[in-house]
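Letters go in sequence order (proteins before strands), and every chain restarts at 1. Note that the coordinates shown come from a computational prediction; the quantities given were computed from them, not determined experimentally.
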2 protein chains.
Amino acid sequence: MKQDSIHLIDEKHLKESQKIFKLLSNPTRLQMLHLLEQKRLNVKEIGGILNVEQSVVSHQLAHLKKFQLVSSEQIGKARYYQLNDPHILDVVNETIAHSDHVMRGKKHGE
Amino acid sequence: MKQDSIHLIDEKHLKESQKIFKLLSNPTRLQMLHLLEQKRLNVKEIGGILNVEQSVVSHQLAHLKKFQLVSSEQIGKARYYQLNDPHILDVVNETIAHSDHVMRGKKHGE
DNA sequence: ATAACATATGTTAATAATAACATATTTATA
DNA sequence: TATAAATATGTTATTATTAACATATGTTAT
């Protein structure tokens with residue numbers, strides 16, 4: 001009997017992981033998560049730091065919120081955002097560290 | 001002097017991380033990496049296991065190769081692929097584990 | 001209640017990712 | 001060397017992402 005028993009990622013985990021990676025594959029969102037790792041910030045502050053338009057910031061935050069990576073709280077006129085899921089930062093930080101390794105290890109261009 | 005010294009991800013790391021996350025945000029590519037983690041496989045085998053067309057497999061493998069996540073070797077008529085970068089699997093596996101956590105923690109739909 | 005500030009949401013145009021199909025290369029064997 | 005098998009590459013239509021702009025909603029102070 002020849003059984004190699006190769007394992008596949010099941011549909012649910014696959015889709016969920018895909019969503020997470022999609023969320024992290026955008027530079028603005030990555031920076032936002034990185035910022036919020038350090039400090040709770042409101043929309044205007046984030047836009048100022050990243051030099052990104054207000055509506056873009058709000059849209060991307062909504063996106064992150066939809067997938068529960070951030071939560072928010074209204075304080076006065078401003079709405080402050082914070083990380084809702086510190087664990088995801090492990091993935092981010094590990095990947096940044098990895099990217100560092102990849103960058104250093106590059107033979108030529110690309 | 002008011003200095004909050006908020007740190008930003010620098011351009012290089014940001015772009016590199018973005019590339020990696022983009023690569024991982026596709027279900028076919030994720031499955032491929034997961035397969036290759038277990039066993040070196042050729043194009044036909046991968047297509048068979050994942051039930052994906054030959055040209056799609058080749059295109060996606062080329063994509064992964066371009067970013068040095070896999071390497072390949074010709075053996076007879078077949079070309080076998082293998083992981084070139086086991087470290088990236090840590091990111092993948094951590095994210096899958098995380099997605100598991102997220103899925104369990106979900107209150108209602110979405 | 002109205003004005004001003006902050007944020008959210010709707011819509012659209014530009015761009016990128018994907019799968020599908022066709023064709024070209026490469027390798028082994030008759 | 002001709003053929004078949006395996007893989008790669010080119011091209012295109014479909015769909016998804018993104019940023020930009022316009023408008024709406026919510027919050028505070030006057």
Looking at [Y], is its backbone amide N or carbonyl O close enough to the side chain of [X] to form a donor-acceptor pair, meaning the two atoms are under 3.5 Å apart?
X	Y	result
A:R40	A:Y80	no
A:Q74	A:G76	yes
B:S99	B:I96	yes

Can you see if the side chain of [X] gets near the phosphate of [N] - specifically, an N or O under 4.0 Å from OP1 or OP2?
X	N	value
A:R29	D:dT17	no
B:N26	C:dT18	yes
A:Y81	C:dA8	yes
B:N42	D:dA6	no

### Query
Should B:E45 and B:K39 count as an ion pair when the cut-off is N to O under 4.0 Å?
no
### Query
In the strands shown, is C:dA22 matched to any nucleotide by a Watson-Crick or G-U wobble pair with both distances under 3.5 Å, and which?
D:dT9
### Task
Using atom OH of B:Y80 as one end and atom C1' of D:dT7 as the other, report the distance to the nearest whole Å.
13 Å
### Distance, rounded to the nearest Å, where B:I46 contributes CD1 and D:dA6 contributes P
14 Å
### Task
Quick one, give me the B/S/- string for nucleotides 20-30 of chain C, reading 5' to 3', where B means a protein heavy atom under 4.0 Å from the base and S means that only happens at the primed atoms, P, OP1 or OP2.
BBB----SS--
### Task
Between D:dA19, C:dA19, C:dT18, spot the one nearest the side chain of B:T28, thanks.
C:dA19
### Task
Examine the side chains of B:D90 and A:H98 and answer whether a donor and an acceptor come within less than 3.5 Å of each other.
no
### Task
Compare all side-chain heavy atoms of A:V92 with those of A:H34 and state whether any distance is below 4.5 angstrom.
no
